[in-house]
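Report on the structure given below.
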Amino acid sequence: MSKILLILVAFGVGFLFDLLNIPAGWLLGAMLVGVYYRLMINDIAYPNLLFDLSLAVIGVSIGISIKVSMFKEVANYLLPLAVSMMILLVASWILGKILNRYSNLDAKTALFCCLPAGASVMMALSKEYKANLGIVAAFQTVRIMMLVATIPIVAGLMSSFLSTKEVESSSLGQVADNALPMWLAVFSYLFLIVLTLVVAKKWRIPIAPFLYSILLAFLFHVLIQPLPPMPNLGVGLGMAMLGVIIGVRFDRKSLADIKQIGWTSVAILLAFFFLTFVVTFVFYLMTPLDFTTSLLAIVPAGAPQMASVAASLQLDASVVAAMQVIRLLVLILIIPALVPFLVSKENKEATENGS
């Protein structure tokens with residue numbers, strides 16, 4: 001009962017934040033509720049099915065907004081994306097070296113704390129290479145929460161002052177030609193969400209529900225029947241579920257683990273925050289996208305989170321989702337291949353320093 005009540009409260013706070021026009025209000029409001037409950041009231045955890053459901057809802061809302069012409073547009077961004085990821089990886093490796101030098105962490109743990117390939121991937125690698133799993137989990141969780149909490153606000157402020165007209169025309173707010181009436185569309189949304197969960201359970205890949213829901217909704221929308229945009233309350237429910245699940249993952253142990261590292265952890269996290277804008281600026285210079293859309297497309301804070309923020313700001317969520325998914329998949333493939341070289345190099349340097 002407490003889990004259901006917490007989701008309802010998170011939904012209410014997210015709805016209030018959205019009414020107050022707070023950027024990504026649904027996501028931020030729910031996340032704050034989750035953090036407060038976990039730190040101040042009690043431990044709580046949600047089943048993976050709810051996380052998958054939230055990703056499916058957000059993915060369907062994005063999938064029905066994608067245009068076929070977007071694929072040609074996205075292809076033009078692959079080189080800028082590759083350059084941006086290379087800068088991010090090199091800078092993250094340098095931050096790992098700094099964290100290792102000015103903290104009591106071993107080289108492997110410091111490296112895994114700073115690589116931006118998603119918390120789950122880094123925790124899996126930490127376990128395989130016998131790094132400090134608790135520290136890596138805490139650091140990656142705080143990094144993601146810091147970006148999820150701040151980037152929507154920064155993006156919202158930027159969208160108020162910078163021109164975004166170029167991408168607004170393809171946002172989630174557009175109504176498709178020959179779209180179904182809303183009551184029939186709701187049944188279609190539910191069908192696509194259930195189908196997504198079934199397919200994701202059968203064929204598991206990273207962020208499977210998010211990827212499958214986008215693909216299935218796009219194919220349904222283009223090949224079978226155009227659908228109207230998902231109602232704000234529907235998208236909000238998906239964002240609220242995602243936000244509260246992220247929030248309750250931050251517990252007292254995570255806070256204690258970060259405190260154990262000391263001020264170095266704060267400096268590394270702040271450096272990572274500013275690094276995001278440096279990488280975004282490089283991507284922005286190489287593409288016709290506005291700075292706000294570039295920021296949401298590049299920031300390593302999760303594809304569903306940033307795509308939902310883009311949708312709430314009336315930006316091109318489909319482009320943001322495509323860039324984020326490509327970025328994540330490439331990093332998932334590249335980082336495990338690089339880690340053996342990086343770890344062996346770190347171990348060699350540690351041995352030489354100790355002798």
Task: Tyr189 side chain to Val60 backbone, donor-acceptor under 3.5 Å - done: no
Open item on the list: Check whether Ser92 reaches the backbone of Pro116 with its side chain - one donor and one acceptor, N or O, closer than 3.5 Å.
Closed with: no
- [ ] Using modelled atom types only, decide if a donor and an acceptor are shared between the side chain of Asn100 and the backbone of Leu105 within a distance under 3.5 Å.
- [x] yes
TODO: Rounded to the nearest 0.5 Å, what's the gap from CG on Leu237 to CD1 on Ile58? Could you check?
DONE: 9.5 Å
Open item on the list: Just checking Asn48: does its CG atom have more than 12 heavy atoms from other residues, nucleotides or ligands closer to it than 6.0 angstrom?
Closed with: no
- [ ] Determine whether Met230 and Phe191 fall in the same hydrophobic cluster, where Ile, Leu, Val, Met, Phe, Trp and Tyr are linked whenever their side-chain heavy atoms lie under 4.5 Å apart.
- [x] yes
TODO: Please confirm whether the backbone N or O of Pro300 pairs with a side-chain atom of Arg143, one donor and one acceptor, at under 3.5 Å?
DONE: yes
Task: Gln225 side-chain N/O to Ala185 backbone N/O, donor-acceptor pair under 3.5 Å - done: no
Task: Any Leu99 side-chain heavy atom under 4.5 Å of Leu111 side chain - done: no
Open item on the list: Classify the ring geometry of Tyr77 against Phe283: parallel below 30°, tilted from 30° to 60°, perpendicular beyond 60°.
Closed with: perpendicular
Open item on the list: Quick check: is Val194 connected to Leu184 through a chain of hydrophobic side chains (ILVMFWY, heavy atoms under 4.5 Å apart)?
Closed with: no
Open item on the list: Is there a continuous path of hydrophobic side-chain contacts, each under 4.5 Å between heavy atoms, that joins Val90 to Ile298?
Closed with: yes
- [ ] Please work out which of the three classes, parallel, tilted or perpendicular, describes the rings of Trp26 and Phe11, given edges at 30° and 60°.
- [x] tilted
Task: Cluster overlap Val278 with Met146, hydrophobic side-chain contacts below 4.5 Å - done: no
Open item on the list: Could you see if Leu16 belongs to whatever hydrophobic cluster contains Met31? Use Ile, Leu, Val, Met, Phe, Trp, Tyr and a side-chain cutoff under 4.5 Å.
Closed with: yes
